[in-house]
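Read the structure below first, then the notes.
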Amino acid sequence: MCAALPATGGAPAHAAAAPVQLFNSCQDIHQAIPIARDGTYLLYNNGNIFTAYCYHMSTTPTEYIDLARTGQGVNFSQYTAGGASPGTNVRTAFTRVRVDPKSLTVDIGDLTFAASTGSLRHGGTAVTSMPYGVAMSCTSQADGTGNIDLQDTPFRVDNAFATGGFNASGSASPSGNGQVVDLRGGGYCGWEMSSPPLYNPFNPSPGLYHLKLSCAQNGVLPGRRQLCLHLGGTSGLTTQVRRERGQALVIVRHNGRPVAASDITGRIHAVA
């Protein structure tokens, strides 16, 4: 389904004759506009208006959040080798995370935009990857590490954290704005992750929607063309179609203030 909003003011007659639609998901965009390509789109769902990267638009459209902070020491999960789990540290680093557009919950098991290194043994199982936001070890110490870093995105973590496993210990240290969480976890074996903790969270598969997000306090990033605003409803939300350089742009306004501009497919052009 998609939210249909009234087109207002200054639009060409042919554009103003019908409501302009804000889509609830990438799948909705694909169904309405089959030629829509992969890219960053503006979505409206469950009271939130936000940007998401739509992937596999020609087949099975899915929503992802671009992580601005990537590389060594950020947005990674690690199972630290040693003790009862011999081998090398298993570290999975993420550049995008999949998100449910209705609940803004991350699928921590989706590794489409992740890369893993290392291999260890957990009992009779070879461990080669970790889900997003998990720190684990089997050394009787909290020397598993992990990091969630949503800085330079319009989102924040809105989830408690907890330890799981046997003789588990650990900690989650969130920043004041909730956009960064440093994780330490371990036991024999034990882990730290978003609550409630899952059992043996390694070698994940897609479908583990487990880490809840919300819109950050400063949820508008013009330079990155990203936003997340919790509006609570469509009251005060209007759209206007206008032409710039021969192209139709949809100007989204909240209480008369411009919020974003997209093309008629919902592909984002700017946020204000």
Side-chain angles (χ1 to χ4, degrees), residues 25-27 38 45 50 52-57 59-67 69-70 74-81 85 87-138 144-150 153 155-165 168 170 172 180-187 189-214:
S25 68
C26 299
Q27 178 63 36
D38 290 8
N45 203 319
F50 60 98
Y53 184 82
C54 291
Y55 184 59
H56 275 161
M57 285 295 280
T59 53
T60 54
T62 47
E63 298 81 10
Y64 288 85
I65 290 173
D66 280 312
L67 298 173
R69 305 292 181 98
T70 60
V74 292
N75 284 312
F76 75 94
S77 299
Q78 180 171 298
Y79 189 154
T80 298
S85 298
T88 56
N89 296 343
V90 175
R91 177 175 288 211
T92 301
F94 295 78
T95 58
R96 288 189 178 114
V97 290
R98 188 170 178 177
V99 66
D100 175 1
K102 184 174 182 180
S103 64
L104 291 184
T105 303
V106 173
D107 180 354
I108 64 172
D110 189 308
L111 306 184
T112 302
F113 295 98
S116 299
T117 57
S119 177
L120 58 78
R121 302 294 301 184
H122 180 97
T125 301
V127 177
T128 57
S129 63
M130 294 294 291
Y132 186 63
V134 176
M136 183 171 183
S137 77
C138 203
T145 60
N147 171 265
I148 298 168
D149 194 330
L150 301 179
T153 82
F155 303 96
R156 67 183 299 275
V157 175
D158 192 14
N159 208 114
F161 289 80
T163 56
V180 180
V181 184
D182 290 315
L183 303 168
R184 298 194 69 86
C189 304
W191 51 89
E192 180 83 15
M193 66 177 299
S194 48
S195 182
L198 304 176
Y199 179 69
N200 282 350
F202 49 73
N203 296 343
S205 298
L208 295 178
Y209 288 97
H210 201 262
L211 176 67
K212 183 74 171 65
L213 306 182
S214 61

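- The shortest distance between side-chain heavy atoms of Val99 and Phe155 does not fall below 4.5 Å.
- Within the structure, side-chain hydrogen bond (donor to acceptor under 3.5 Å, both in side chains) pairs that include any residue of residues 120-129 comprise Tyr79-His122 (at least two apart or interchain).
- The CZ atom of Arg96 lies 15.0 Å from the CG atom of Leu111; values are rounded to the nearest 0.5 Å.
- Between Arg69 and Asn75 the shortest side-chain heavy-atom distance falls below 4.5 Å.
- Minimum interatomic distance between Pro201 and Val134 (heavy atoms only, all atoms of both residues): CG-CG1, 4.0 Å.
- For Asn89, the side-chain hydrogen bond (donor to acceptor under 3.5 Å, both in side chains) test picks out no residue, with sequence neighbours left out.
- Rounding to the nearest 0.5 Å places OH of Tyr64 at 11.0 Å from SG of Cys54.
- Side-chain atoms of Asp38 come within 3.5 Å of backbone N or O of His56 as a donor-acceptor pair.
- Ser137 and Gly186 get closest at one heavy-atom pair: OG-CA, 3.3 Å.
- Shown here are the side chain to side chain contact (heavy atoms under 4.5 Å, CB included) partners of Arg184, two or more places apart in sequence or in another chain: Asp143, Thr145, Ser171.
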For side-chain contact (heavy atoms from CB on, under 4.5 Å), just list the numbers for Leu198 and Ile108, CA-CA rounded to whole Å, side-chain angles, deciding distance to a tenth of an Å, and then say yes or no.
CA-CA 11 Å; Leu198 304 176; Ile108 64 172; 4.3 Å; yes
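- Contact annotation: the side chain of Ser116 never approaches that of Met130 to less than 4.5 Å [non-hydrogen atoms, C-beta and beyond].
- Of the inter-residue distances, the one linking Arg156 atom CZ with Leu104 atom CG reads 12.0 Å to the nearest 0.5 angstrom.
- When side chains are defined from C-beta on, Val157 counts as touching Leu211, because their heavy atoms get closer than 4.5 Å.
- Between the CG atom of Leu183 and the CD1 atom of Ile148 there is a distance of 5.5 Å, given to the nearest 0.5 Å.
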One pair to check against side-chain contact (heavy atoms from CB on, under 4.5 Å): Leu120 and Phe202. What are the steps and the verdict?
CA-CA 11 Å; Leu120 58 78; Phe202 49 73; over 6 Å; no
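- For residues 199-212, the set of pairs meeting the side-chain hydrogen bond (donor to acceptor under 3.5 Å, both in side chains) definition, not counting sequence neighbours, comprises Arg98-Tyr209, Ser194-His210.
- Between Val106 and Phe94, the closest side-chain pair of non-hydrogen atoms is not below 4.5 Å.
- Judged by distance alone, with hydrogens and angles left aside, the side-chain atoms of Ser77 form no donor-acceptor pair with the main-chain N or O of Gly146 at under 3.5 Å.
- Within the 4.5 Å cutoff, the side chain of Leu150 has heavy atoms near those of the Leu67 side chain.
- Among residues at least two apart or in separate chains, there is no salt bridge (charged side-chain N to carboxylate O under 4.0 Å, His left out) pair with a member in residues 124-133.
- Of the possible polar contacts, one joining the Glu63 side chain to the Cys26 backbone as a donor-acceptor pair under 3.5 Å is found.
- Side-chain contact between Leu213 and Asp158: absent, with no pair of heavy atoms (C-beta onward) separated by less than 4.5 Å.
- At least one donor-acceptor pair under 3.5 Å links the side chain of Thr95 to the backbone N or O of Phe113.
- Closest approach of Phe161 and Ala172 over heavy atoms only: CB-CB, 3.6 Å.
- Once rounded to the nearest 0.5 Å, the distance linking CG of Asp107 with OG1 of Thr112 reads 8.5 Å.
- Judged by distance alone, the side chain of Asn147 and the main-chain N or O of Asp182 form no donor-acceptor pair under 3.5 Å.
- Side-chain atoms of Gln78 and Thr80 include a donor-acceptor pair closer than 3.5 Å.
- Here Thr163 pairs with Ala168, Glu192 under the side chain to side chain contact (heavy atoms under 4.5 Å, CB included) rule; sequence neighbours left out.
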